[in-house]
Amino acid sequence: MNLWRLEWVRLVRSKRLVALIGVYVFFGLLGPVTARYMGDILERFGGDVVVQFPDPVPADGIAQFTSNANQIGLLIAVVVAAGALVIDAIPEMSIFLRTRVDRIDRLLVPRLVVSFAAVAAAFIVGMLGAWYETVVLLGSLPVADLLLGTLLSLVYMAFVVALVAALGSRLASVLGTVATTVVVLLVLPIFGLVDVVGRWLPSHLLGALDGLLRGTKGVSEYVPATLVTLALTAALVWLATRWAAQREL
Amino acid sequence: MIRVRSLTKRYGEHAALDGVDLTVAEGAVYGLVGPNGAGKTTLLSILAGLRRPTAGSVEIDAAVEERAVLPDAPRFDKWLTAREVVALAADLGDVTDETRIQTVLEDAGLAEAADRAVGGFSRGMLQRLGIAATLVTSPRLVMLDEPAAALDPAGRREVLDVVERMRSTSTVLFSSHILGDVQAVCDWVGILDRGKLLFEGPVAELLGNASSRVYLVRVRADVQTVADRLRSNEWVRSVETPAERLLRVDVTTLDAAEQHLVPALAEIGVPVVSVEPEQVSLEQVFLELTR
């Protein structure tokens with residue numbers, strides 16, 4: 001048993017990995033179906049109300065997936081990450097580990113890497129499901145744009161995991177960390193409503209898959225947000241380490 | 001092994017530790033005693049690197065991997081097995097010998113529960129698991145915070161036996177408010193109260209200094225008459241009669257008692273069963289010091 005395996009065991013035995021992947025796979029499979037049949041569903045249950053839907057395109061299948069993945073999926077991801085990254089949530093457990101390492105990053109790095117890997121794996125598996133169903137139900141997708149959009153989504157998720165780590169080190173409470181992270185993630189897009197600012201914010205990457213797949217945005221559109229997100233992620237990891245090292249038990 | 005000088009820890013206006021000087025020699029079993037809130041856990045936390053002092057210095061002659069700390073109520077991820085907890089501690093201490101893990105689990109009485117998830121463990125089992133995880137790396141310095149506080153008598157005895165066994169291989173610093181435990185296993189003691197170290201030294205010295213002035217005299221006669229006669233001596237401070245045939249004679253000095261007590265009893269002509277200095281417990285000394 002070592003600190004890396006500990007994180008893997010935490011994910012598997014606590015069923016967090018199953019929950020995480022399950023949520024993303026569910027939305028991955030549901031998204032394209034919803035996009036394909038939304039018009040029919042509303043027509044059947046809409047009564048006298050007539051709703052005109054344009055014919056769905058392949059990008060709609062992925063958009064349905066990302067819309068759910070970026071809300072409920074991300075919330076589950078935050079909860080799972082906080083469960084691992086709030087090192088001092090239970091001081092007696094923390095003492096066991098803290099007094100056995102000379103540097104706090106020995107504890108934090110495996111938790112950061114494994115948490116991100118789990119979140120990324122869940123997103124990718126969900127995306128593969130969404131891609132497959134989209135191709136079957138709605139038609140093919142531009143592979144390069146899909147991969148690039150997925151990569152940019154993963155950059156955003158790395159930022160979210162780093163944010164959880166920093167807040168977890170500061171607050172030492174799982175509930176407080178989850179709540180504060182959610183508030184930060186909700187507030188960021190509000191700043192993004194200001195167009196000049198929006199292109200630089202991490203939340204801009206949430207729309208990357210849709211913009212690239214529909215061809216309404218080019219790669220250059222997401223370069224500023226990517227650079228800022230990577231810089232913020234690095235800064236948050238540094239803060240997480242610093243705050244955890246400073247904390248007294 | 002440990003040298004603490006002028007150690008102070010403040011939380012706002014409150015001084016949890018106030019200029020503590022403490023020395024733990026290599027190989028010692030050092031008992032840090034004090035009432036709840038005395039500052040024991042704060043002191044151990046600073047020594048363990050979990051808190052920073054407001055002022056003062058701490059020198060520890062053991063690398064991080066040579067130390068082990070056991071909190072008063074150890075807890076572990078509930079989905080780990082006991083063997084995995086000890087294996088993790090071994091890995092963090094760079095111990096690669098698999099048989100060592102099994103050995104410490106057996107020593108802690110957890111061999112049969114080794115592959116069970118710790119989520120179902122009792123408080124006593126968690127304490128023993130904490131000790132197994134502490135010992136697996138054969139640390140040079142072991143710091144135990146109230147290791148037996150919440151255990152039943154049998155569990156406490158087991159923990160004290162483990163501490164006793166550590167004597168030959170490790171320096172042990174353990175805090176407790178159960179003075180009998182400290183008296184049973186420690187050779188050095190530090191008495192901490194309201195953030196100040198009131199005494200530090202060998203347990204025998206502490207008890208020896210305090211055990212001198214009271215003698216217990218058992219007689220086969222009316223104790224009141226004997227008590228009245230003894231009270232008339234200038235070297236007698238007081239005489240109590242706690243039982244029918246027992247006198248408790250408080251004398252001015254040990255020398256006076258050794259010189260005059262037995263002749264005085266002979267002069268009274270009372271049949272004497274025994275004369276012995278009262279054994280003072282650590283608890284009595286502690287209460288005296290912290291009063």
Side-chain angles (χ1 to χ4, degrees), chain A residues 1-20 79-111 114-115 118 168-169 172-174 241-249, chain B residues 9 11 16 41-42 44-54 63-96 98 101 117-119 123 126-127 129-130 132-134 136-137 139 141-143 145:
Chain A
M1 178 62 67
N2 57 42
L3 291 169
W4 292 90
R5 180 161 163 70
L6 175 69
E7 293 316 304
W8 171 250
V9 170
R10 186 195 309 281
L11 280 171
V12 173
R13 292 194 193 157
S14 64
K15 312 282 192 292
R16 291 171 194 176
L17 189 62
V18 171
L20 195 58
V79 172
V80 169
L85 288 165
V86 186
I87 292 177
D88 297 322
I90 300 175
E92 293 85 358
M93 283 191 199
S94 173
I95 289 171
F96 172 68
L97 295 171
R98 273 178 174 266
T99 54
R100 286 173 167 79
V101 295
D102 49 356
R103 292 163 54 97
I104 196 71
D105 53 0
R106 268 192 81 191
L107 298 181
L108 261 179
V109 168
R111 290 168 186 244
V114 174
S115 294
S169 293
S173 148
V174 174
T241 309
R242 185 174 167 77
W243 283 337
Q246 285 177 343
R247 173 167 290 283
E248 293 191 2
L249 290 178
Chain B
K9 179 65 178 178
Y11 295 104
T41 299
T42 303
L44 280 181
S45 297
I46 291 173
L47 295 177
L50 296 166
R51 296 183 201 178
R52 284 178 295 282
T54 309
V64 170
E65 60 273 16
E66 293 177 315
R67 306 174 201 171
V69 179
L70 182 66
D72 58 344
R75 285 178 66 182
F76 309 96
D77 289 305
K78 61 184 179 185
W79 30 263
L80 286 176
T81 66
R83 189 184 305 282
E84 287 169 335
V85 169
V86 177
L88 179 60
D91 180 76
L92 291 170
D94 294 329
V95 173
T96 52
E98 287 288 322
I101 296 167
V118 302
R123 173 78 200 274
L126 286 173
Q127 196 79 31
L129 177 57
T134 300
V136 72
T137 55
L141 173 61
V142 181
M143 291 180 267
D145 188 9

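So that the names make sense, note that chain A is the first sequence line, chain B the second, and so on, each numbered from 1.
- Heavy atoms closer than 4.5 Å to chain A are found in both the backbone and the side chain of B:L80.
- In terms of heavy-atom proximity, A:L97 sits nearest to B:L92 at CD2-CD1, 4.0 Å.
- A donor-acceptor pair shorter than 3.5 Å can be found between the side chains of A:S14 and A:R16.
- The backbone N or O of B:R52 lies less than 3.5 Å from a partner atom in the side chain of B:K9, making a donor-acceptor pair.
- Of the atoms belonging to B:A133, heavy atoms from both backbone and side chain fall under 4.5 Å from chain A.
- Of the residues considered (A:V101, A:L6, A:D102), A:L6 shows the highest number of contacts with chain B, using heavy-atom pairs under 4.5 Å.
- In terms of modelled atom types and a separation under 3.5 Å, the side chain of B:R51 and the main chain of B:S45 share no donor-acceptor contact.
- Looking only at side-chain heavy atoms (C-beta outward), B:I101 and B:V136 come within less than 4.5 Å of each other.
- For a residue to count as touching a neighbouring chain, one of its non-hydrogen atoms must lie under 4.5 Å from one of that chain's; by this rule A:L249 touches chain B with backbone and side chain alike.
- Listed options B:P74, B:A89, B:A48 were ranked by heavy-atom pairs under 4.5 angstrom with chain A; first place goes to B:A89.
- With 3.5 Å as the limit, one finds a donor-acceptor pair spanning the side chains of A:D88 and A:S94.
- For B:E65, no part lies under 4.5 angstrom from a heavy atom of chain A.
- Between chain B and the options A:R98, A:R247, A:R10, A:E92, the largest number of non-hydrogen pairs under 4.5 Å is found for A:R10.
- With a 4.5 Å cut-off on non-hydrogen atoms, A:R106 touches chain B through its side chain but not through its backbone.
- Contact annotation for B:V86: neither backbone nor side-chain heavy atoms come within less than 4.5 Å of a heavy atom of chain A.
- The backbone N or O of A:R5 sits less than 3.5 Å from a side-chain atom of A:N2, completing a donor-acceptor pair.
- The candidate with the highest count of non-hydrogen atom pairs below 4.5 Å against chain A, out of B:T134, B:V64, B:L88, is B:L88.
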